[in-house]
Amino acid sequence: MSNNKKTVLILLILTALIIVIPVVALKGAEFGGSDDAGSVMVEEIAGAYEPWFTPVFETMLGGEVPGELESLLFCIQTGIGVGIIAFCMGRMVERKKWQEAGEQITGQEKAGDKITVTG
């Protein structure tokens, strides 16, 4: 196994441990987020606060989703979004490079230079 593959494997294992250990070690812990704090503030200011809808997972599970799992799902969603944006940006950069290379080739052809392409 190459050195690069070992590094990737070790990083994947560490990532899995970072996800699993807190969930197992802190079973009874409560993690509050900004949504909870926001709804408490709205309730204090406006009185009886009634949400417009219930989240999909809460409806499917028949109760609240644990905070750790909710955070994990949010992080996965963020990672997918960043991956898509990075892929699109990479494609745009490569397209620009290919267009510039094509313009150089056509410029050399017009000048009468002989071009040999090796693959």
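The shown structure was predicted, so the numbers you read here are calculated from the model rather than taken from an experiment. Starting from 1, each residue takes its place in the sequence as its number.
When the salt bridge (charged side-chain N to carboxylate O under 4.0 Å, His left out) test is applied to Glu94, the partners found at least two apart in sequence or on another chain are Lys97. Residues that satisfy the side-chain contact (heavy atoms from CB on, under 4.5 Å) test with Ile84, not counting sequence neighbours, are Ile80, Cys88. Partners of Thr15 according to the side-chain contact (heavy atoms from CB on, under 4.5 Å) rule, which considers only residues two or more places apart in sequence or in another chain, are Ile19. For Gln99, the side-chain contact (heavy atoms from CB on, under 4.5 Å) partners at least two apart in sequence or on another chain are Arg95. Not a single side-chain contact (heavy atoms from CB on, under 4.5 Å) links Ile45 to another residue, sequence neighbours left out.
Residue Ile18 belongs to no hydrophobic cluster, having no ILVMFWY side-chain heavy atom closer than 4.5 Å to its own. Residue Leu14 shares its hydrophobic cluster (ILVMFWY side chains chained together at separations under 4.5 Å) with Ile10. Hydrophobic side-chain contacts under 4.5 Å tie Ile85 into a cluster, directly or through other members, with Met89, Met92.
Leu12 contributes atom CG, which lies 11.0 Å from atom CG of Leu17 (distance to the nearest 0.5 angstrom).
Val56 and Leu72 fall within a single hydrophobic cluster, where Ile, Leu, Val, Met, Phe, Trp and Tyr are joined by side-chain heavy atoms under 4.5 Å apart, directly or via other members.
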Side-chain donor-acceptor distances from residues 59-67 under 3.5 Å, at least two apart:
residue, atom, partner, partner atom, Å
Thr59, OG1, Thr54, OG1, 3.1
Thr59, OG1, Pro55, O, 3.0

